[in-house]
Amino acid sequence: PTSGSRAAMMSPAGALRRVARGVSFPVQLRGVSTSAPVGESLADAARRLDVKFFQFSFCDLFGVQRSKLVPAGRADEMAASGAGFAGFAAHLRMKPIDGDLLDAQSRSPPALLTSLAGRPTASPVVLTKNASRRLAVPDASTLTVLPWNREVAWLACDLRWRDAELAQCPRSTLRRSLRRLAEAQGIAMKTGVECEFFVLDADGSGLADARDLQSKPCYDAHALMRRYDLVSKLAEAMDALGWGPYQADHEDANGQFEINWDYADALQTADRVVFFKYMARSLAEHLGCRVTFMPKPFADRTGSGCHAHVSLHDATTGANLCGGGTVDDDTNPFGFSDLALRFLAGVLDQAPGVAAYANPTINSYKRLHATTTASGATWSPDTIAWAGNNRTVLVRVPDGPPRFEVRLADMAANPYLFPAAVAAAGAHGMRTAPTDLALPKHAEGANLYDPHDPLAVEVRARSRRLPRSLRAALDELDASAPLRSGLGDDAVDSYLTLKRDHCDAFDAYLSPWERDQYLDV
C-alpha cells in the first residue's frame, strides 16, 4: 500500500494526521459505567447520569449499527412503545409495503422530530389498514454513557414485529440460541474475543502512521506507542465501563492493533463488540484518523480476525464444564470433558456453514485463504482441524483455564450471529451420538501453513477445507439442517436472501482487474 510512502505523509490527509497527533480531546470517564437500579425509569436514569439523549441502537443482518437519538424527556414513552424503524431501509428482509414505522395509535404526533429539527414537521403518518409496527425496544441492562460524549447514553435494542419477537433480529437470534443451549443442556456459553483493527488516514487511503514499516511489525513497541493517543483512550474507557481490559498490542500487520478484555456471557460480549466498534471509530475520528474493521484491507498484509475464546459453564452455578476429562494422547490430550468434546465435534462438523456468519463478506475470503503475507503468516485457518497451542488450525486449545479458541471469524462478522451459529453447532454436537459424529483426530504438531510439512500434508489429506467464497459458504449454511434447526428457518433464510443479493451485486461489478486482463483479448 501507499501508506508507507513519503507521498502519503505530504498529502492533505497526512497533514491532518500530523496536526491530530498533538490534539487532545476529553474522554469523560466519570459515570460511564452504569448499573441502573432495577425498575429505574429512563427519565430517572437521565437525571442521575446527567444525560440529554438516549441512543436506541440495533444491528441489522449485515452487522451495521442503526440508531435513533431520543431526547431524555421522551425516552420512557419511546421505550414503552418502541422506536420505529423501516426495516427495508436497513439490511433486514422486508419490503416498503410491509407497513410504515409508526402505528398511528401508538404515539402522539412526532414531537421528537420537531425538537431535533427545530422546525414544525408534517402531520402524523396515516397508515393503511395493512400497516404494522417494526419496533426497537431497548434493553435497560445495556445502558452505557458514551465516554466521548457524556450527554448521550447508548442502549442496545431488540426488534419486534406485530407485537412479537422479530425472528431475523440478530440479537434475538443469539438469545434464542443461548436459551436453547441452557434449556436442553443446562449450559451457559461464555465468550471472550480478540478484536483486531487497522488505523488509517482520515480518508482511508493509507496507514495513519507512515513510519509503521517493519517487515515483522507484530508487537512493535514504537509503533504501538505512536498510537498511544487512541489505544490508551480505548483502554481507559473500557476499564471505566467495567469490561476489564488487560492488554493491548500492535498486531501482525503494519497499522494493525488489538485490545483484549475479560470474557463474559456470550450476549454481553456481543453487545460489547458492537459498542467497541462504535467507540473505536468515534475516538479515531476525534484524532483525525480512521479505524477500519475490514477483514483484508491490504492484499499483502495480515487480515483482521475476531478470534473467539469459548467456554461452557453450568447455567446455575457458573462452574466451568470444559475440563475434568481423562487425558488421552490420541483422543483427548487436553483433558476436556465429554461435554466439551461433543460441543467441539459439532463446531468442527458445521464449520463450513458457520463460515457464512463468521466470514460474511466477499473480502473475508481473501483473509481466510491468503497464501502468505509480508510477515510470513496469515494467522487464519483454511483447514477444519484442531490442536493445542497451534495458530494454524481452525480451533486452538490455549494454555490456562479450559476453553477453546475458534479462529474462524473476522471483524466483519455480525457480533450476534457468529456466536449464535457457534452455539447452534455445538448443541448439534452434544445431542448427536459419538458414533454418528466423530471428533476428528487432533492436528498436534502440524504446521498447516507449511505445504512441505509431512504431518500437515497428512492432516490436510484427511480434513475438509473451509469454503473458498462467500457464495460457497452461503450454500453450506443453506444445506445445514443443524444450523437451520438451531437458528430458525426465518433467521437463516432472511440472511441468505440478503447475502446472495450482495453476491449478485459483486458479480455484476466490472472491476479494473478485468479491464487490465481482458481489454486486448
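Keep in mind that the numbers below use all heavy atoms, side chains included, and drop hydrogens, waters and symmetry copies.
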Completion exercise
Closest non-hydrogen contact found for C503 with I362 is SG-CD1, 4.2 Å
Practice task
For side-chain hydrogen bond (donor to acceptor under 3.5 Å, both in side chains), just list the numbers for N363 and T361, CA-CA rounded to whole Å, side-chain angles, deciding distance to a tenth of an Å, and then say yes or no.
Solution key: CA-CA 5 Å; N363 179 256; T361 70; 4.8 Å; no
Practice task
Indicate yes or no for a side-chain donor-acceptor contact from S463 to the backbone of V459 under 3.5 Å, with no hydrogens or angles considered.
Solution key: yes
Practice task
Tell me, yes or no, whether the heavy-atom count around Y246 atom OH, taken from other residues, nucleotides or ligands under 6.0 Å, exceeds 12.
Solution key: yes
Practice task
For atom CZ of R290, decide whether the heavy atoms of other residues, nucleotides or ligands shown that lie under 6.0 angstrom number more than 12.
Solution key: no
Practice task
For the pair W386 and F334, name the ring-plane relationship: parallel under 30°, tilted 30 to 60°, perpendicular over 60°.
Solution key: perpendicular
Problem - Pairwise distance CZ(R460) to CD1(I384) - rounded to 0.5 angstrom - result: 14.0 Å
Exercise for the section: For the residue pair W243 and F276, categorise the inter-ring angle as parallel (less than 30°), tilted (30 to 60°) or perpendicular (more than 60°). Expected result: tilted
Problem - Pairs touching residues 381-397 that satisfy salt bridge (Lys or Arg N to Asp or Glu O under 4.0 Å), sequence neighbours left out - result: D382-R465, R396-E405
Problem - V231 side chain near I259 side chain, heavy-atom distance below 4.5 Å - result: yes
Practice task
I would like to know whether D475 and R500 meet side chain to side chain contact (heavy atoms under 4.5 Å, CB included); could you show each step before the answer?
Solution key: CA-CA 10 Å; D475 290 343; R500 282 173 169 158; 2.9 Å; yes
Practice task
Taking the six-membered ring for Trp and the single ring otherwise, decide whether the centroids of F56 and W154 are under 6.0 Å apart.
Solution key: no
Fill in the blank from the handout: d(R403 CZ, F336 CZ) to nearest 0.5 Å is 9.0 Å
Problem - Aromatic ring pairing W148/F275, orientation class (parallel under 30°, perpendicular over 60°, tilted between) - result: tilted
Problem - E444 (side chain) donor-acceptor with G388 (main chain) under 3.5 angstrom - result: yes
Problem - Check: C157 main-chain N/O paired with D139 side-chain donor or acceptor under 3.5 Å - result: no
Practice task
Kindly compute the distance separating CG (L344) from OG (S337), expressed to the nearest 0.5 Å.
Solution key: 10.5 Å
Problem - V137 side chain near L159 side chain, heavy-atom distance below 4.5 Å - result: no
Completion exercise
Heavy-atom nearest pair, L42 first then A79, reads CD1-CB, 3.9 Å
Fill in the blank from the handout: For L448 and V393 the tightest heavy-atom approach is CD1-CG1, 3.8 Å
Practice task
Could you check if a side-chain atom of E151 sits within less than 4.5 angstrom of a side-chain atom of V51, using non-hydrogen atoms only?
Solution key: no
Problem - Trace of the side-chain hydrogen bond (donor to acceptor under 3.5 Å, both in side chains) decision for Y278 with Q55 - result: CA-CA 12 Å; Y278 179 33; Q55 190 171 15; 2.9 Å; yes
Practice task
Keeping to residues at least two apart or across chains, list the salt bridge (Lys or Arg N to Asp or Glu O under 4.0 Å) pairs with something in residues 262-282.
Solution key: R171-D271
Exercise for the section: Of all the heavy-atom pairs spanning P381 and L466, show the shortest one and how long it is. Expected result: O-CD1, 3.8 Å
Handout entry: Evaluation steps, side-chain hydrogen bond (donor to acceptor under 3.5 Å, both in side chains), between T378 and Y449
Key = CA-CA 8 Å; T378 68; Y449 293 162; 3.3 Å; yes
Problem - T173 side chain vs C169 backbone, donor-acceptor pair below 3.5 Å - result: yes
Practice task
Could you tell me the separation between the NE2 atom of H307 and the SG atom of C195, rounded to the nearest 0.5 Å?
Solution key: 11.0 Å
Practice task
Can you see which heavy atom on H442 is nearest to which on D329, and at what distance?
Solution key: NE2-O, 2.9 Å
Practice task
Kindly compute the distance separating CG (N260) from CE (M238), expressed to the nearest 0.5 Å.
Solution key: 8.0 Å
Problem - Check: R176 side chain, L487 main-chain N or O, donor-acceptor pair, under 3.5 Å - result: yes
Handout entry: Evaluation steps, side chain to side chain contact (heavy atoms under 4.5 Å, CB included), between V145 and V152
Key = CA-CA 6 Å; V145 177; V152 181; over 6 Å; no
Problem - Heavy-atom donor-acceptor pair, R342 side chain to L437 backbone, under 3.5 Å - result: yes
Problem - Side chain to side chain, L483 and V492, heavy atoms closer than 4.5 Å - result: no
Problem - Spacing of K190 atom NZ and L267 atom CG [to the nearest 0.5 Å] - result: 13.0 Å
Handout entry: Any donor-acceptor pair under 3.5 Å from T144 side chain to T142 backbone
Key = yes
Problem - Residues which pass side-chain contact (heavy atoms from CB on, under 4.5 Å) with A472, listed by chain and number, not counting sequence neighbours - result: P467, S469
Problem - Salt bridge flag under 4.0 Å for residues D504 and R471 - result: yes
Handout entry: Working for salt bridge (Lys or Arg N to Asp or Glu O under 4.0 Å), residues D410 and K366
Key = CA-CA 11 Å; D410 59 55; K366 291 178 171 61; over 6 Å; no
Practice task
Using ring pair (Phe, Tyr, Trp, His ring centres under 6.0 Å) as the criterion, list what pairs up with F257, not counting sequence neighbours.
Solution key: H250
Exercise for the section: Heavy atoms only: give me the nearest D60-P170 pair and the separation to one decimal. Expected result: O-CG, 3.4 Å
Completion exercise
The salt bridge (charged side-chain N to carboxylate O under 4.0 Å, His left out) partners of D314 (sequence neighbours excluded) come to none
Problem - Q256 side chain to G303 backbone, donor-acceptor under 3.5 Å - result: yes
Practice task
For the pair E77 and R74, evaluate salt bridge (Lys or Arg N to Asp or Glu O under 4.0 Å) and give the outcome as yes or no after the intermediate values.
Solution key: CA-CA 5 Å; E77 173 191 343; R74 304 297 296 270; 2.7 Å; yes
Exercise for the section: Say whether, by atom type as modelled, one donor and one acceptor occur between the side chain of T383 and the main chain of A385 under 3.5 angstrom. Expected result: no
Problem - side chain to side chain contact (heavy atoms under 4.5 Å, CB included) between V274 and Q65, worked out - result: CA-CA 8 Å; V274 173; Q65 186 174 182; 3.9 Å; yes
Exercise for the section: Report yes or no: is the cationic atom of K499 (NZ for Lys, CZ for Arg) closer than 6.0 Å to the six-membered ring centre of F62, at no more than 45° off its axis? Expected result: yes
Practice task
Would you sort out whether L348 and V395 count as a side chain to side chain contact (heavy atoms under 4.5 Å, CB included), showing the intermediate values?
Solution key: CA-CA 8 Å; L348 294 171; V395 175; 3.8 Å; yes
Handout entry: Qualifying ring-ring contact (aromatic ring centres under 6.0 Å, His included) pairs with a residue from residues 171-191, counting only residues at least two apart or across chains
Key = none
Handout entry: Within 6.0 angstrom of R468 CZ, more than 12 heavy atoms from elsewhere
Key = no
Exercise for the section: Using a 4.5 Å cut-off on heavy atoms from C-beta on, say whether the side chain of P71 contacts that of K52. Expected result: no
Exercise for the section: Using the side-chain hydrogen bond (donor to acceptor under 3.5 Å, both in side chains) rule, take D490 and S494 through it: C-alpha gap first, then chi angles, then the decisive distance, then the call. Expected result: CA-CA 6 Å; D490 193 343; S494 295; 3.2 Å; yes
Practice task
Report yes or no: does N359 contribute a side-chain atom to a donor-acceptor pair with the main-chain N or O of L470 at less than 3.5 Å?
Solution key: no
